There are 2 protein chains.
Amino acid sequence: MATRGTPGIPEVADPPRRRAGRPATSILSRTLILETGLRLIDERGADGAGMRAIAKELGVRPSALYNHVAGYPELVAGVRELISERIPTDMFDTLPWDQALSEWAHHYRAAFAAHPPTIALLAVLPLSEDSVTTEMYERVVASLGRAGWPVERHLEVLVAVEAFILGAALDLAADDDMMNPGSRTDVPEYLAAYRARAARLAAGGRRAADLSFETGLRALLAGLRVELEELKGPDPDPAAR
Amino acid sequence: MATRGTPGIPEVADPPRRRAGRPATSILSRTLILETGLRLIDERGADGAGMRAIAKELGVRPSALYNHVAGYPELVAGVRELISERIPTDMFDTLPWDQALSEWAHHYRAAFAAHPPTIALLAVLPLSEDSVTTEMYERVVASLGRAGWPVERHLEVLVAVEAFILGAALDLAADDDMMNPGSRTDVPEYLAAYRARAARLAAGGRRAADLSFETGLRALLAGLRVELEELKGPDPDPAAR
DNA sequence: ACCTGAACACCGTTCAAGT
DNA sequence: ACCTGAACACCGTTCAAGT
């Protein structure tokens, strides 16, 4: 309900008080556009952060944005990069590979969780080729190498863990009540399981998605640990390490 | 390429040859609309399967669809249900819980993989409340119960596995080449890992996403198995089972 | 009940014209 | 180089009018 062009003369006529032509000092920048996009996503959801909405928020015409971003898809990718940049990776230099992966996974998921509407929008993007992500991968891979994982399996492990993280992030975006069976009588076991979890959640103050994330991550890493041990296990001479 | 309005004069003028008013026998149905939607998604991608495109394909005006589906979001949910229906669940009645979960996961992922463009569109949807999905959950939960998982942890385990499946499905939608570091020189370990995997993939005929899915799923289930053993382990009287 | 026809309120994007 | 202004080719959705 924006009160635009109401009565009178141009009362709330926010539109361009600026005249055409190149402004003395440039108004926009790629960074400004991306940050505004992320802010609007947070404030209004993914649908409230299109090219036109961002332009309006910046007091500019939509076409002006195209001087700094190639188009909407590129803008979305840029916003994802903005979020990815905030995922710390220094734990890979100080912790054992499995503990480091666990900490990383928590931060990774939290980075998206901080902007709920972005999850559906951004998790869908191909696990990009942008610079930030690649640098993150570099540290993960280095850690796996030091731990003794064979080099041809590094990406396999990395992507498996990342898949779980993204899936868990999607789950986080879903409403806690989304799986509520209501009063259906044809799924008794599910109903019992749903209620038992609900009671447990009510007791502790945690979200449903947190339980699944913690348990899944713990299991995944435990399984990977076992697999690495088996890879190294047949080693007949432990002193060779 | 549906050959519509074939002979006669108005050759390519497909638009409404039908006059207004209720047709003698109704043309549309919810099922027909959903199946056409899925087909168009397969043929043209998610962007080529909007309300208007479906209407055109069915030789009908867009507004006619609203007699059978509430709107676009409901249509997308319906298409997801169409896909979900094809995921078999009978393995939960015949196999041990962990083997059943493994088979289920393979089918679940394959159901989406059969319609690549849908993955990004559908995986994003909250793990719905629709009837098919809930019935699927019922069988999973029943299996976990028989295996000895405490009832308040059934959904936790189920959702953890499902998160991994959906994350793996997203990975499947990404191009194999998407993680290619190109000729970057600042990520040597990553570059080596990428090339080592590429060589391995070239040898065997598999996709990158398959490796990560198999390894992640195996690890996840192995970890869950260990956790269940620990839960049951302290049992002082094995005969009580 | 179930379709057409016309309209509404949006999109992202392009491009000439201005400075 | 970087903005405005106007236009293009789309969307999903609503609703009166027809049968």
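Throughout, protein chains are lettered first and strands after them, A, B, ... in sequence-line order, and every chain is numbered starting at 1. From a predicted model like this one, the values you see are computed outputs, not experimental measurements.
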Atom CG of B/N67 to atom P of D/dG18: distance rounded to whole Å?
17 Å
Below 4.0 angstrom from OP1 or OP2 of D/dT13, is there any side-chain N or O of B/Y66?
yes
Measure CG/B/D47 against P/C/dC11 and give the value in whole Å, please.
17 Å
Nucleotide nearest B/Y72 (side chain, heavy atoms from C-beta), chosen from D/dT13, C/dC3, D/dC2
D/dT13
Distance in angstrom units between B/L58 CG and C/dT4 C1', rounded
15 Å
Expressed as a whole number of angstroms, how long is the span from B/R22:CZ to D/dT19:P?
14 Å
A/Y108 vs A/W104 aromatic rings, parallel, tilted or perpendicular, using cut-offs 30° and 60°?
perpendicular
The answer to which of A/S29 and B/A20 contacts DNA chain D further toward the 5' end, by nearest nucleotide, is A/S29
OP1 or OP2 of C/dG5 sitting under 4.0 Å from any side-chain N/O of B/R61?
yes
Close side-chain approach of B/L28 to B/L65, heavy-atom, < 4.5 Å:
yes
Measure from the side chain of B/P62, starting at C-beta and using heavy atoms only, and say which of C/dA1, C/dT14, D/dT13 lies closest.
D/dT13
Can you find a donor-acceptor N/O pair under 3.5 angstrom joining the side chain of B/R52 to the base of D/dG12?
yes
Measure up the B/F213 and B/F164 rings against each other and bin them: parallel (under 30°), tilted (30 to 60°), perpendicular (over 60°).
parallel
What one should report as the nearest heavy-atom pair of A/S212 and B/V159 is OG-CB, 3.3 Å
When you measure from the side chain of B/E138 to the backbone N and O of A/Y190, does any donor-acceptor pair fall under 3.5 Å?
yes
Can you find a side chain N or O atom of B/R18 that sits less than 4.0 Å from OP1 or OP2 on C/dT4?
yes
Round to a whole Å and report the spacing from CZ of B/R30 to C1' of C/dC3.
19 Å
Considering heavy-atom distances to DNA chain C, does A/S63 or B/I27 have its closest nucleotide positioned more toward the 5' end?
B/I27
Do any side-chain nitrogens or oxygens of B/H68 fall under 4.0 Å of OP1 or OP2 in C/dC3?
yes
Can you tell me how far P of D/dC3 sits from CG of A/L32, to the nearest Å?
10 Å
Partner lookup for D/dG5, please. Criteria are Watson-Crick or G-U wobble with both distances under 3.5 angstrom; report none if nothing qualifies.
C/dC15
Could you tell me how far apart A/I54 (CD1) and C/dC11 (C1') are, to the nearest whole angstrom?
13 Å
Closest to the B/M51 side chain: D/dC3, D/dG12, C/dC3?
D/dG12
